[in-house]
Amino acid sequence: MPRTSTLECSGCPPLRALTFDALGLIKVVEARDKQRGAPQVVERWGDPESSKCVMAVSMIDRESHPLLAVARKNNQIEVLSPVNGDIQATITDANDLDVQSEVNNIVGLHLFAKQNSELASRDCTLLTCTTKGNASIRSIELVDSSTVSSCIDSPKIWNVCSGGNILCCKVDGNEKFALFGGKGVEMNIWDLNNFTKIWNSKPPPKDNLGIFTPTWFTSATFLMKDDHRKFVAGTNSHQVRLYDMSAQRRPVLSFDFRETPIKALAEDIDGYSIYVGNGSGDMASVDIRTGKMLGCFSGKCSGSIRSIVRHPELPVIASCGLDSYLRLWDTKTRQLLSAVGSMLYFFVRGGMLYSSFYWDMYAWKLK
């Protein structure tokens, strides 16, 4: 099994997080008592296998029937319980979309939470998107792990781009609109009710030297859960851009962050602050209303940051990166609370290594 090590830090409040790696393992990280030390890996779900490399994940956080969806390199999607890791559904995209090539893996995955509560234990609805822009929405039946789940009705299939590679996909808080972008693909927003594109970004003009920056978006997030019109996107040219689709197609605000590509973005619950991580391990919080940096997080990471998630209730933010550590930070002081070195393997997107995780709030509340 992978080596697990901890760092001497100030400790963090009780919480639970899920991590995912290149060998298909799902690891449960828990901090049960602030006085008893740093978080530790307490469970590992699945068997290590390179063909089950995790490509994308999504989770429904609710007290009744929480669900976790995992898209794997072998084109399978598993729906599990985030409490105990039991598989509740297994589906494959190979019959509906051309994702059999390794260059067209699933990079976007979303589990829809807003559905009839009486049906939540029997079926679920998934949005998937591949590197080449093949998107689909389908409802699947939840059965036991011994059988392959079937679609309740015919999946809705469309294409979100005519060229380039999709690298980021995000669904808004109301689950009515989806955001897509990537290398050679401008940011575009789709209405999920009628599967039509309602907005497309326009690249910034050439700079003072007449140089045009090629389109290459690496990450994106909506600024507020209930407003799909404003979102933030990071680029490979170390730019962070704020878009407002009700104002214009070009960014309303743009600023550079250090000198390496932006690899991860996350919004704060206040609706105007964001967290930025880049390829050299720098992480900072920014007031997106002005573009002013509020401060950098103390304790530089040794590797590229590939995932940032804000805790929905506690003043805690977590990051994963190529240095094999899951780090937990205080959002107010930006000091390192704790870290656990268990992420020795990372899953692959577009030839780049990265690591990710999700808060498992439901299981944490049961403690």
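- Salt-bridge annotation for Lys73 and Glu49: absent, with no side-chain N of the basic residue lying under 4.0 Å from a carboxylate O of the acidic one.
- Atom CZ of Phe212 is separated from atom CG of Leu209 by 15.0 Å, given to the nearest 0.5 angstrom.
- Not one N or O on the side chain of Asp123 forms a donor-acceptor pair closer than 3.5 Å with the backbone of Leu142.
- Note: Phe222 and Phe231 have perpendicular aromatic rings, judged against thresholds of 30 and 60 degrees for the angle between ring planes.
- Under 3.5 Å, the side chains of Thr260 and Asn278 contain a donor-acceptor pair of N or O atoms.
- A salt bridge is absent between Lys332 and Asp330; no separation between the charged side-chain nitrogens and carboxylate oxygens falls under 4.0 Å.
- Across Thr90 and Glu78, no two heavy atoms sit closer than the pair OG1-CG, 4.3 Å.
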*asked:* As a quick check of understanding, evaluate side chain to side chain contact (heavy atoms under 4.5 Å, CB included) for Asn188 and Val185, giving each step before the final call.
replied: CA-CA 8 Å; Asn188 55 91; Val185 182; 3.8 Å; yes
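- Heavy-atom minimum distance, Ile308 versus Gly277: CD1-N, 3.6 Å.
- In this structure, a donor-acceptor pair under 3.5 Å is absent between the side chains of Trp190 and Thr196.
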*For Asn134 and Asn104, run side-chain hydrogen bond (donor to acceptor under 3.5 Å, both in side chains): C-alpha distance rounded to whole Å, both residues' side-chain angles, the deciding distance at 0.1 Å, then the answer.*
CA-CA 9 Å; Asn134 305 119; Asn104 197 24; 3.2 Å; yes
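- Cluster annotation: Ile106 and Ile91 are assigned to the same hydrophobic cluster (Ile/Leu/Val/Met/Phe/Trp/Tyr, side-chain heavy-atom contacts under 4.5 Å, transitive).
- Cluster membership for Phe257 and Met283, using ILVMFWY side-chain heavy atoms within less than 4.5 angstrom, is not shared.
- The minimum heavy-atom distance between Gly291 and Leu253, with the atom names listed, is N-CD2, 3.6 Å.
- Taking OG1 of Thr331 as the reference point, atom CG of Leu314 lies at 9.5 Å (rounded to 0.5 Å).
- Under 4.0 Å is where a charged nitrogen must lie from a carboxylate oxygen, and between Asp268 and Arg310 at least one such pair does.
- Of all non-hydrogen atoms in Leu25 and Gly46, the two that sit nearest each other are CD2-O, 3.2 Å.
- In the hydrophobic clustering of this structure, Val54 groups with Leu18; members are Ile, Leu, Val, Met, Phe, Trp, Tyr whose side-chain heavy atoms approach within less than 4.5 Å, directly or through other members.
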*Run the side chain to side chain contact (heavy atoms under 4.5 Å, CB included) check on Met245 and Ile198 step by step: do they pass?*
CA-CA 9 Å; Met245 61 177 293; Ile198 61 173; 4.0 Å; yes
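- How far CG of Leu15 is from CD of Glu313: 11.0 Å, rounded to the nearest 0.5 Å.
- Taking OG1 of Thr125 as the start and CG of Leu111 as the end, the distance is 8.5 Å to the nearest 0.5 Å.
- Looking only at side-chain heavy atoms (C-beta outward), Asp61 and Pro66 stay at 4.5 Å or farther from each other.
- Side-chain contact between Leu67 and Gln88 is present, with at least one heavy-atom pair separated by less than 4.5 Å.
- In this structure, Cys169 SG and Phe180 CZ are separated by 4.0 Å, a value rounded to the nearest 0.5 Å.
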*What do the steps show when you test Thr235 against Trp216 for side chain to side chain contact (heavy atoms under 4.5 Å, CB included), and what is the final call?*
CA-CA 6 Å; Thr235 73; Trp216 193 339; 5.8 Å; no
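- In plain terms, the two heavy atoms of Lys132 and Gly164 that are nearest each other are CD-O, 4.3 Å.
- Between the side chain of Thr218 and the main chain of Gly234, a donor-acceptor pair closer than 3.5 Å is present.
- Thr131 places a side-chain N or O within donor-acceptor distance of the main-chain N or O of Asn105, the cut-off being under 3.5 Å.
- Remark: the backbone N or O of Ser64 is paired with a side-chain donor or acceptor of Arg62 at under 3.5 angstrom.
- Other residues, nucleotides and ligands place no more than 12 heavy atoms under 6.0 Å from the NZ atom of Lys202.
- Cluster annotation: Ile77 and Ile140 are assigned to the same hydrophobic cluster (Ile/Leu/Val/Met/Phe/Trp/Tyr, side-chain heavy-atom contacts under 4.5 Å, transitive).
- Arg16 places a side-chain heavy atom less than 4.5 Å from the side chain of Val28.
- Annotation: side chain of Val309 is not in contact with side chain of Ile317 (no heavy-atom distance under 4.5 Å).
- Within the 3.5 Å criterion, the main-chain N or O of Met187 finds a donor-acceptor partner in the side chain of Ser201.
- Remark: Ser319 OG to Lys263 NZ distance equals 15.5 Å, nearest 0.5 Å.
- Gln248 contributes a side-chain N or O that, together with a main-chain N or O of Arg250, makes up a donor-acceptor pair within less than 3.5 Å.
- Proximity of Leu326 to Thr19: side-chain heavy atoms (C-beta onward) are separated by under 4.5 Å at one or more points.
- Between Ile137 and Leu192 the shortest side-chain heavy-atom distance falls below 4.5 Å.
- You'll find the ring centres of Trp199 and Phe177 outside the 6.0 Å limit.
- Under the 4.5 Å side-chain contact rule for hydrophobic residues, Val286 and Ile262 share a cluster.
- Judged by distance alone, the side chain of Ser81 and the main-chain N or O of Gly85 form no donor-acceptor pair under 3.5 Å.
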*asked:* For a side-chain hydrogen bond (donor to acceptor under 3.5 Å, both in side chains) check, start with the C-alpha distance between Ser136 and Thr128, then their side-chain angles and the critical distance, and finish with the verdict.
replied: CA-CA 5 Å; Ser136 72; Thr128 61; 2.9 Å; yes
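- Of the possible donor and acceptor atoms, one in the side chain of Asp172 sits under 3.5 Å from a partner among the backbone N and O of Lys176.
- Between Ile26 and Glu43, every side-chain heavy-atom pair lies at or beyond the 4.5 Å cut-off.
- Side-chain contact between Arg229 and Asp244 is present, with at least one heavy-atom pair separated by less than 4.5 Å.
- Nearest heavy atoms, Ala339 versus Arg327: CB-CG, 3.9 Å.
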*asked:* Tyr325 vs Cys320, test: side chain to side chain contact (heavy atoms under 4.5 Å, CB included). Steps then yes/no.
replied: CA-CA 6 Å; Tyr325 274 87; Cys320 275; over 6 Å; no
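- For His110 (side chain) and Leu127 (main-chain N/O), no donor-acceptor pair under 3.5 Å exists by modelled atom type.
- The closest donor-acceptor contact from the side chain of Arg72 to the backbone of Gly24 lies under 3.5 Å.
- Salt bridge status for Glu186 with Arg249: absent, with no side-chain N to carboxylate O gap under 4.0 Å.
- Around CG of Asn84, the count of heavy atoms belonging to other residues, nucleotides or ligands within 6.0 Å exceeds 12.
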